[in-house]
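Since the structure comes first, as structure tokens, the remarks are kept for the end.
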There are 2 protein chains.
Amino acid sequence: MTAFGFQPHDHTDCIRTTLAQADAYCAEHKLKLTPIRRRALEILLAEHRALGAYDLLAVLAKDGLGTAPPVAYRALDFLTSAGFAHKIEGLNAYIACAHFGADHSPAFLICTSCKSVAEAETTATQGRLGEAARAAGFAISRTVVEALGLCPQCQEAPCA
Amino acid sequence: MTAFGFQPHDHTDCIRTTLAQADAYCAEHKLKLTPIRRRALEILLAEHRALGAYDLLAVLAKDGLGTAPPVAYRALDFLTSAGFAHKIEGLNAYIACAHFGADHSPAFLICTSCKSVAEAETTATQGRLGEAARAAGFAISRTVVEALGLCPQCQEAPCA
DNA sequence: TTGCTAAATGTAATACTATAACATATCAAG
DNA sequence: CTTGATATGTTATAGTATTACATTTAGCAA
């Protein structure tokens with residue numbers, strides 16, 4: 001359950017710091033980090049793994065913040081648009097961004113056993129995808145770069 | 001509708017050639033390219049763009065080859081397992097493989113306007129994902145590498 | 001303050017994507 | 001020919017996401 005680049009770390013601190021950064025970012029960019037949105041981000045940060053929209057919704061519902069699917073999807077739309085979270089297409093799930101702030105094109109290492117996710121930093125025009133796009137005259141607006149496999153822990157203990 | 005690396009080409013020939021290759025590959029590997037599976041591949045080849053499972057099913061149904069969802073998903077499972085087709089995660093859609101045969105880790109350029117898809121060839125351990133995986137001790141089993149954006153044609157005619 | 005406008009939220013219904021479960025049929029190997 | 005594995009037929013359901021519209025809230029201007 002605890003994974004960041006597959007290493008344990010201090011969750012409480014990372015949640016608090018990132019929420020503060022999000023508050024500051026929204027203030028500066030005239031975005032509204034409403035209670036639902038802020039709580040959704042907090043939930044994703046606390047889990048620190050990919051969470052389905054309905055999983056998120058279940059937690060929001062326990063807090064009395066909404067019960068219908070659009071509540072979760074709207075919060076996720078906001079968070080992903082603002083760059084506070086990303087969608088993992090290979091899992092139809094969402095995760096808090098590990099590299100707060102700037103516009104970026106994340107790459108993910110996703111453990112299919114324990115569901116932990118590591119986020120690597122890239123730019124959209126790097127790597128083989130960027131090469132191929134330039135060669136083809138293709139204009140990239142978004143990239144999906146994900147590797148599914150086993151994290152170091154789960155390679156050692158496959159039956160966990 | 002006609003796109004291969006976003007260039008027009010001879011569909012009829014490419015369908016025939018690839019089906020023949022698939023027949024040969026299945027004979028050699030003791031796989032059964034049954035009528036449903038063969039027709040599904042033919043449909044994907046003919047469209048030459050990402051097709052939803054239910055879109056495929058609709059065509060199969062017109063041919064009297066089945067009406068229930070498992071018909072389409074089973075055919076797609078077979079085709080993707082055999083390497084004859086790939087799933088585009090960013091679109092929840094499927095496309096015939098443009099590089100027949102060998103085991104490979106495809107990278108896609110996907111036009112969000114006309115839905116055409118170009119497939120680039122890579123290996124799972126190449127590029128930034130491979131670097132990140134090695135650094136983290138992560139064992140890759142499958143990669144998802146996709147760029148969403150506009151193909152050359154749609155950049156010029158955005159209102160098509 | 002009042003009223004306007006845009007954004008956010010509440011809610012119900014529905015669409016889209018995918019799988020589970022189980023019965024039946026087909027086919028190759030012994 | 002029978003057995004076992006694979007493929008297909010079919011119904012139901014699970015999981016993911018959006019549309020549509022009513023209501024509320026927040027910010028701003030008259």
Side-chain angles (χ1 to χ4, degrees), chain A residues 22-23 26-41 44 50-82 84-95 112 115 142 144 146 148, chain B residues 22 26-41 44 50-82 84-95 110 112 115 142 144 146 148:
Chain A
D23 284 327
C26 286
E28 185 182 350
H29 291 79
K30 309 240 187 282
L31 298 173
K32 285 192 268 190
L33 194 60
T34 62
I36 292 177
R37 292 167 178 177
R38 195 169 196 281
R39 178 66 181 133
L41 178 56
L44 292 181
L51 216 57
Y54 281 71
D55 296 330
L56 173 64
L57 180 59
V59 182
L60 289 173
K62 280 201 298 186
D63 296 354
L65 290 172
T67 59
V71 171
Y73 285 103
R74 284 167 182 160
L76 289 168
D77 281 351
F78 175 85
L79 295 176
T80 53
S81 296
F84 300 160
H86 301 294
K87 180 174 185 182
I88 307 291
E89 295 287 347
L91 300 176
N92 292 320
Y94 304 83
I95 191 165
T112 51
K115 312 295 185 197
R142 187 170 83 92
V144 176
E146 304 169 4
L148 305 177
Chain B
C26 286
E28 185 182 351
H29 291 79
K30 309 237 188 282
L31 298 173
K32 285 191 266 192
L33 195 60
T34 62
I36 292 178
R37 294 167 176 178
R38 196 170 196 280
R39 179 63 183 135
L41 178 55
L44 291 180
L51 217 55
Y54 282 71
D55 297 330
L56 173 64
L57 179 60
V59 182
L60 289 172
K62 280 201 298 187
D63 297 353
L65 291 172
T67 59
V71 172
Y73 284 102
R74 284 166 181 161
L76 289 168
D77 281 350
F78 174 85
L79 296 176
T80 53
S81 297
F84 299 162
H86 301 294
K87 180 174 186 184
I88 307 290
E89 295 287 348
L91 299 175
N92 292 319
Y94 304 82
I95 191 164
I110 304 154
T112 51
K115 312 293 184 199
R142 187 171 83 92
V144 176
E146 304 169 3
L148 305 177

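All values below were derived from every heavy atom in this structure, side-chain atoms included, with hydrogens, water molecules and symmetry-related copies excluded. Chain identifiers are assigned alphabetically (A, B, ...) following the order of the sequence lines, protein sequences preceding nucleic acid strands; residue numbering begins at 1 within each chain. No experiment lies behind these values; they were computed from the predicted model shown.
Counting to the nearest Å, the P atom of C:dA18 and the CG atom of A:L91 are 13 Å from each other. Taking atom CZ of residue B:F78 and atom P of nucleotide D:dA7, one finds them 7 Å apart after rounding to whole Å. Rounded to whole angstrom, the span from the CG atom of A:L56 across to the P atom of D:dA17 amounts to 12 Å. Taking atom CG of residue B:L60 and atom P of nucleotide D:dG9, one finds them 11 Å apart after rounding to whole Å. What separates CD of B:E89 from P of D:dT16 is a distance of 13 Å, to the nearest Å. Note: CZ (B:R37) to P (D:dT6) measures 11 Å, nearest angstrom. In this structure, B:I88 atom CD1 and C:dT17 atom P are separated by 14 Å, rounded to whole Å.
For C:dT17, the OP1/OP2 oxygens have no side-chain nitrogen or oxygen of A:N92 closer than 4.0 Å. In this structure, B:R74 does not reach the C:dT19 phosphate: none of its side-chain N or O atoms is under 4.0 Å from OP1 or OP2. Taking only side-chain nitrogens and oxygens, B:Y73 never comes nearer than 4.0 Å to OP1 or OP2 of C:dT19. Distances shown here put a side-chain N or O of A:T34 below 4.0 Å from the OP1 or OP2 atom of C:dT9.
Side-chain atoms of A:Y73 and A:L57, non-hydrogen and from C-beta on, never get closer than 4.5 Å to each other. For the pair A:R38/A:D23, a side-chain contact is recorded, criterion being any heavy-atom separation below 4.5 Å from C-beta on. Side-chain atoms of B:N92 and B:K87, non-hydrogen and from C-beta on, do get closer than 4.5 Å to each other.
B:F84 pairs in a side-chain contact (heavy atoms from CB on, under 4.5 Å) with only one of the listed residues (B:L44, B:L76, B:L41), which is B:L41.
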### Query
What do the steps show when you test B:I95 against B:I88 for side chain to side chain contact (heavy atoms under 4.5 Å, CB included), and what is the final call?
CA-CA 7 Å; B:I95 191 164; B:I88 307 290; 4.0 Å; yes
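A donor-acceptor contact under 3.5 angstrom links the side-chain atoms of B:Y54 to the base of C:dA18.
The side chain of A:I36 lies closest to C:dT9, out of C:dT9, D:dA7, D:dT16. Considering only the side chain of B:Y94, C:dA18 comes nearest among D:dT10, D:dT8, C:dA18. Side-chain proximity of A:K87 to the nucleotides C:dA7, D:dA17, D:dA7 is greatest for D:dA17. Nearest nucleotide to the A:P70 side chain, out of D:dT11, C:dA8, D:dT19: D:dT19.
The residue among B:K32 and B:D55 whose nearest nucleotide of DNA chain C lies closer to the 5′ end is B:D55.
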